[in-house]
*Asks:* 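A single structure is presented below for examination.
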Amino acid sequence: MSDRHNISTAETTFAAESSGSMGVLTVRGTLDFTTHESATDFFDKSFAQFGPHLVVNLLGLDFLDSRATGLLVTCWKRALDDGGWLGLVAVEHGAARALWITGLASHVPIFPTVADALAAAPSPDAE
């Protein structure tokens, strides 16, 4: 994967890489109201760069609040509306457990590893 763009705050790191025709976004640290503006900017730049074909790696999250969960839902809907696909990489414990508590995990595809998400993603070239 080739490095594309990185954004960091005091508590959060956002990184984006390409894997074939998919964007792989990694969020580490805190994703909450204090990082909402930075996160929104990061996701907007990622959509502009990679289009609506994204994998979002949340394995490095320390904290995820309801506002951040809403942002992930918005990104998922945006990907679908633009004819793409968005998968999340998370496990059912730690900060990302909110995805299961809120029921989001029953709607958005969630995978244990980036490799699993990439393998499950439909080919953007098949559109």
Side-chain angles (χ1 to χ4, degrees):
M1 290 193 262
S2 62
D3 190 27
R4 293 308 216 190
H5 64 269
N6 299 310
I7 299 173
S8 296
T9 69
E11 299 176 0
T12 306
T13 301
F14 303 92
E17 304 173 325
S18 63
S19 179
S21 54
M22 296 286 294
V24 178
L25 316 180
T26 301
V27 182
R28 288 187 176 90
T30 300
L31 197 53
D32 65 5
F33 73 96
T34 65
T35 59
H36 187 77
E37 188 175 323
S38 297
T40 300
D41 183 50
F42 171 72
F43 284 115
D44 285 344
K45 288 180 180 178
S46 297
F47 272 97
Q49 181 172 354
F50 301 110
H53 309 284
L54 303 170
V55 170
V56 182
N57 181 354
L58 303 174
L59 292 176
L61 280 184
D62 298 326
F63 183 76
L64 173 73
D65 75 357
S66 61
R67 189 169 186 186
T69 303
L71 177 60
L72 294 172
V73 169
T74 298
C75 290
W76 171 64
K77 288 180 179 179
R78 180 177 176 182
L80 294 179
D81 289 347
D82 290 349
W85 182 87
L86 184 139
L88 301 177
V89 178
V91 291
E92 196 176 344
H93 64 275
R97 74 179 172 269
L99 302 174
W100 282 266
I101 292 169
T102 62
L104 184 61
S106 64
H107 300 287
V108 179
I110 300 180
F111 303 91
T113 68
V114 171
D116 290 335
L118 289 171
S123 173
D125 303 325
E127 296 176 352

*Asks:* Rounded to the nearest 0.5 Å, how far does CZ of Phe42 lie from OG1 of Thr26?
*Replies:*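 Between Thr26 OG1 and Phe42 CZ, I get 7.0 Å after rounding to 0.5 Å.
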
*Asks:* Could you tell me whether the side chain of Thr113 and the main chain of Asp116 form a donor-acceptor pair under 3.5 Å?
*Replies:*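 Yes, Thr113 side chain to Asp116 backbone: donor-acceptor pair under 3.5 Å.
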
*Asks:* Please walk me through it: do Leu72 and Leu64 pass side-chain contact (heavy atoms from CB on, under 4.5 Å)?
*Replies:* CA-CA 10 Å; Leu72 294 172; Leu64 173 73; 4.2 Å; yes

*Asks:* When you compare the side chain of Arg67 with that of Leu71, does any pair of heavy atoms fall below 4.5 Å?
*Replies:*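 SC-SC contact between Leu71 and Arg67 ruled out.
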
*Asks:* Group every Ile, Leu, Val, Met, Phe, Trp and Tyr by side-chain heavy-atom contacts under 4.5 Å, then state whether Leu31 and Phe63 land in the same group.
*Replies:*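 Leu31 does not cluster with Phe63.
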
*Asks:* Is there side-chain contact between Val27 and Thr35, with heavy atoms separated by less than 4.5 Å?
*Replies:* no

*Asks:* Testing the basics here: between Thr69 and Ala98, what is the closest heavy-atom pair and its distance to 0.1 Å?
*Replies:*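 That closest heavy-atom pairing would be OG1-CB, 4.4 Å.
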
*Asks:* Going by atom types only, do Thr30 and Asp32 share a side-chain donor-acceptor pair under 3.5 Å?
*Replies:*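 Their side chains do not contain a donor-acceptor pair, so the 3.5 Å distance test is not met.
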
*Asks:* Take Leu54 and Phe47 through the side-chain contact (heavy atoms from CB on, under 4.5 Å) test and state the conclusion after the steps.
*Replies:* CA-CA 8 Å; Leu54 303 170; Phe47 272 97; 3.8 Å; yes

*Asks:* Can Leu80 be reached from Ile110 by stepping across I, L, V, M, F, W or Y side chains whose heavy atoms are under 4.5 Å apart?
*Replies:*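 Yes, Ile110 and Leu80 fall within the same hydrophobic cluster.
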
*Asks:* Can you measure from CG (Leu86) to CG (Leu25) and round to the nearest 0.5 angstrom?
*Replies:*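 Reported to 0.5 Å precision, the distance equals 7.5 Å.
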
*Asks:* Enter the distance from His53:NE2 to Asp82:CG here, rounded to the nearest 0.5 Å.
*Replies:* 9.0 Å

*Asks:* Would you call Val108 and Leu99 a side-chain contact if the rule is heavy atoms closer than 4.5 Å?
*Replies:* no

*Asks:* Considering non-hydrogen atoms only, spot the tightest contact between Ala90 and Leu58 and give its length.
*Replies:* CB-CB, 4.4 Å

*Asks:* Nearest 0.5 Å please: distance from the CH2 atom of Trp85 over to the OG atom of Ser123.
*Replies:*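 Separation between the atoms: 12.0 Å.
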
*Asks:* Any side-chain heavy-atom pair from Phe43 and Arg78 closer than 4.5 angstrom?
*Replies:*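 Result no, sub-4.5 Å side-chain heavy-atom pair not found.
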
*Asks:* Tell me whether the count of non-hydrogen atoms from other residues, nucleotides or ligands lying under 6.0 Å of CZ in Arg28 goes above 12.
*Replies:* no

